[in-house]
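Just below is one structure, and these are the notes that go with it.
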Amino acid sequence: TASPATINQGGSSTLTWATTNATSVSFSPAIGSTALSGSIGVSPSTNTTYTMTVTGPGGTITKTATVNIVPTATFTASPATINQGGSSTLTWASTNATSVSFNPAIGSTALNGSIVVSPSTNTIYTMTVTGPGGTVSQTAIVNIVPIISFTASPAIINYGSSSTLSWSTTNATSISINQGIGYVATNGSISVSPTSNTTYTITAIGAGGTTTQSVTINIVPHAAFTANPSTINPNGTSTLNWSTVNATSVSFNPAIGSTALNGSIGVSPSINTTYTMTVTGAGGTITRTVTVNVVPTSTFTASPAAINLGSSSTLSWSTTNATSISINQGIGAVAANGTRTVTPTATTTYTLSVTGPGGEATPKTVTVTVIPPPTGTFTANPSSIQAGSSSTLTWNTTNAASVSIDQGIGAVATSGSRSVSPLTNTTYTMTITGSGGATVYKTVTVNVVLPPNGSTYTYDELGRIKTINRVK
């Protein structure tokens with residue numbers, strides 16, 4: 001027997017046994033004793049069945065005793081607090097368990113594991129672990145940071161006017177607004193009439209922490225802001241002029257190197273630029289804007305600039321400060337920067353037209369030159385010869401950069417002739433290459449009439465047939 005039959009992790013159980021008519025006792029797993037009768041304490045780390053084998057003159061028998069371990073479990077959420085829409089990882093481990101379940105369900109029942117959850121509200125996850133040794137539970141809590149939407153409409157008012165504060169919250173249990181308003185409902189609105197610039201702060205408290213948000217109601221100041229001229233050439237200068245009334249500070253975005261309440265300064269932007277002046281005073285904050293536009297610029301290339309007939313060239317362009325870009329020759333409107341493959345059949349000039357808020361850029365042109373293909377004639381006269389005789393190859397070409405003939409002749413002039421004396425029927429191929437790399441081929445065949453069988457030959461010092469002694 002095992003007593004107790006169920007123990008906590010790290011606990012002990014006592015195995016007790018007695019035998020009669022036995023000569024030997026063994027245990028699996030071994031327990032450190034083979035006495036015929038006795039008891040011993042064991043501390044298994046997992047559910048364990050002990051088998052006792054008893055042998056005597058009358059045979060062998062086995063007995064078993066099982067010690068089960070109460071399941072253990074760990075269950076955590078990391079992070080335990082998340083923003084709305086965020087995620088937390090639930091991680092769990094169990095020992096001596098046969099099943100695990102979760103409430104609410106998380107899509108897994110593995111004995112050990114982790115999973116990402118994204119609850120929309122504060123959630124308590126309960127893990128129930130069951131094994132032969134019993135059932136235990138663990139919990140992990142994921143809280144959501146409160147969310148606030150808080151507005152003032154209008155945010156800028158004239159003195160004596162009113163603005164409406166409106167708010168909504170989620171995952172919050174306590175909501176308050178300062179400036180003497182106090183605790184309010186989770187969602188609502190209230191009319192306020194501040195007599196000076198006033199910042200209202202709403203504080204929302206929930207299980208996931210504390211969130212605050214502020215809005216400011218200001219009174220309108222006055223300002224004037226101009227740019228002269230409003231359009232400049234690249235690297236040109238425009239003068240910004242400004243003046244304010246009832247202001248305590250002025251700032252510019254982008255910065256212009258001055259924060260004076262009244263003044264002027266020259267600027268030279270490289271792109272169309274809107275300058276925003278923010279004016280703050282005892283009565284609130286306003287903004288004024290001016291835009292300085294820059295006359296557009298462009299680049300335009302064709303690569304390659306010269307092509308063979310039927311080949312293509314790539315037009316490439318880039319622009320700055322442009323809103324409308326087009327190319328003639330039927331291409332039309334294009335992106336501000338890009339490429340286009342063209343295959344003109346004749347030399348063609350393309351014009352890039354660019355306009356923008358700053359006006360029209362000087363049109364750019366590129367010319368794609370179409371190189372005509374090479375042509376030629378190639379003849380053999382006569383086209384049929386007796387063995388040992390000669391034929392004259394004659395050729396003429398146009399638009400050719402190089403000409404060559406095979407059969408060992410090699411490079412030749414663009415037009416010319418060459419005497420040949422083939423011993424057998426021979427085809428000559430002339431290769432004509434144009435200045436653009438295009439190649440055409442022409443062929444002629446010289447047929448050789450051989451003498452009757454039994455004729456004899458004499459040869460020159462190069463091994464060529466010199467004379468033929470024909471059979472009569």
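Keep in mind that the numbers below use all heavy atoms, side chains included, and drop hydrogens, waters and symmetry copies.
A donor-acceptor pair under 3.5 Å is absent between the side-chain atoms of Thr91 and the main chain of Thr76, judged by distance alone. A donor-acceptor pair is defined here as one N or O able to donate and one able to accept, closer than 3.5 Å; no such pair exists between the side chain of Asp406 and the backbone of Tyr428. Side chain of Thr347 to backbone of Val370: a donor-acceptor contact under 3.5 angstrom is found. Judged by distance alone, with hydrogens and angles left aside, the side-chain atoms of Thr201 form no donor-acceptor pair with the main-chain N or O of Gln213 at under 3.5 Å. A donor-acceptor contact shorter than 3.5 Å links the side chain of Asn425 to the backbone of Val448. Under a 3.5 Å cut-off, the side chain of Thr397 and the backbone N or O of Thr414 do form a donor-acceptor pair. With hydrogens and angles ignored, the 3.5 Å screen pairs a side-chain donor or acceptor of Ser118 with a backbone N or O of Gly86. The main-chain N or O of Asn228 is never found under 3.5 Å from a side-chain atom of Ser230 such that the two would form a donor-acceptor pair.
For the residue pair Ser189 and Ser166, no side-chain donor N or O sits within less than 3.5 Å of a side-chain acceptor on the partner. Side-chain contact check for Thr164 and Ser191: no donor-acceptor pair (N or O, by modelled atom type) lies under 3.5 Å. With no hydrogens or angles considered, no side-chain donor-acceptor pair links Thr392 and Ser419 at under 3.5 Å. Between the side chains of Thr375 and Thr398, at least one donor N or O sits under 3.5 Å from an acceptor N or O. Under 3.5 Å, the side chains of Ser421 and Ser390 contain a donor-acceptor pair of N or O atoms. A donor and an acceptor atom, one from each side chain of Thr276 and Thr287, are nowhere located under 3.5 Å apart. Donor-acceptor pairing under 3.5 Å is recorded for the side chains of Ser193 and Ser162. Using modelled atom types, one finds a donor on one side chain and an acceptor on the other under 3.5 Å when comparing Thr445 with Thr427.
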Show every donor-acceptor pair shorter than 3.5 Å between a side-chain atom in residues 92-106 and any protein atom, with sequence neighbours excluded, or say none if there are none.
unit_1	atom_1	unit_2	atom_2	d
Trp92	NE1	Ala110	O	2.8
Ser94	OG	Leu111	O	2.8
Thr95	OG1	Thr72	OG1	2.2
Asn96	OD1	Asn47	N	3.2
Asn96	ND2	Gln9	OE1	3.1
Asn96	ND2	Ser45	O	3.4
Thr98	OG1	Thr130	O	3.1

Under the side-chain hydrogen bond (donor to acceptor under 3.5 Å, both in side chains) rule, what do Thr291 and Thr274 come out as? Steps first, then yes or no, please. CA-CA 4 Å; Thr291 299; Thr274 296; 2.9 Å; yes

Assess whether side-chain contact (heavy atoms from CB on, under 4.5 Å) is satisfied between Val449 and Ser384, documenting all intermediate values. CA-CA 7 Å; Val449 179; Ser384 180; 3.8 Å; yes

Applying side-chain contact (heavy atoms from CB on, under 4.5 Å), run through Val292 and Asn272 and close with a yes or a no. CA-CA 6 Å; Val292 178; Asn272 302 327; over 6 Å; no

side-chain contact (heavy atoms from CB on, under 4.5 Å) evaluation trace for Tyr125 with Ile141: CA-CA 6 Å; Tyr125 294 90; Ile141 300 175; over 6 Å; no

Step-by-step side-chain contact (heavy atoms from CB on, under 4.5 Å) determination, Thr198 to Gln179: CA-CA 8 Å; Thr198 302; Gln179 303 296 350; 3.7 Å; yes

Go through the steps for Thr349 and Thr367 under the test side-chain hydrogen bond (donor to acceptor under 3.5 Å, both in side chains), then give the verdict. CA-CA 4 Å; Thr349 297; Thr367 298; 2.9 Å; yes

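Here the OG-CG distance, from Ser312 to Leu315, works out to 10.5 Å after rounding to the nearest 0.5 Å. Ser417 contributes atom OG, which lies 8.5 Å from atom CG of Leu393 (distance to the nearest 0.5 angstrom). Note: Ile327 CD1 to Thr365 OG1 = 12.0 Å, rounded to the nearest 0.5 Å. Atoms NZ and OG1, on Lys364 and Thr319 in that order, are 10.5 Å from each other to the nearest 0.5 Å. Thr210 contributes atom OG1, which lies 4.5 Å from atom CD1 of Ile205 (distance to the nearest 0.5 angstrom). Of the inter-residue distances, the one linking Asn337 atom CG with Ser318 atom OG reads 5.5 Å to the nearest 0.5 angstrom.
When side chains are defined from C-beta on, Ile190 counts as touching Trp167, because their heavy atoms get closer than 4.5 Å. Using a 4.5 Å cut-off on side-chain heavy atoms (C-beta onward), Ile217 and Tyr200 make contact. Side-chain contact between Ile371 and Ile307: absent, with no pair of heavy atoms (C-beta onward) separated by less than 4.5 Å. Counting only heavy atoms from C-beta outward, the side chains of Met430 and Thr443 never approach each other to under 4.5 Å. Under the 4.5 Å side-chain criterion, counting only non-hydrogen atoms from C-beta, Ile331 is not in contact with Asn328. With a 4.5 Å cut-off on side-chain heavy atoms, Pro269 and Val267 count as touching. Counting heavy atoms from C-beta on, the side chains of Val354 and Pro363 never come closer than 4.5 Å. Under the 4.5 Å side-chain criterion, counting only non-hydrogen atoms from C-beta, Thr199 is not in contact with Val215.
Between Ser258 and Trp242, the shortest heavy-atom contact is OG-CZ2, 3.7 Å. In terms of heavy-atom proximity, Ser243 sits nearest to Asn262 at CA-OD1, 3.0 Å. When every heavy atom of Pro119 is checked against every heavy atom of Ile82, the shortest pair comes out as CD-CD1, 4.1 Å. Heavy atoms only, all atoms of each residue included: Gly266 and Thr237 are closest at CA-CG2, 4.0 Å. Scanning all heavy atoms of the two residues, the minimum distance from Ser137 to Thr128 falls at OG-OG1, 3.7 Å. Of all heavy-atom pairs between Asn122 and Gly208, the closest is OD1-N, 4.5 Å.
With sequence neighbours excluded, the residues satisfying side chain to side chain contact (heavy atoms under 4.5 Å, CB included) with Thr226 are Asn241.
By the neighbour-count criterion of 12 heavy atoms within 6.0 Å, atom CD1 of Ile181 is densely surrounded, having more than that number from other residues, nucleotides or ligands.
Here the rule is side-chain hydrogen bond (donor to acceptor under 3.5 Å, both in side chains) with Thr280, and of Thr285, Asn218, Thr248 only Thr285 fits it.
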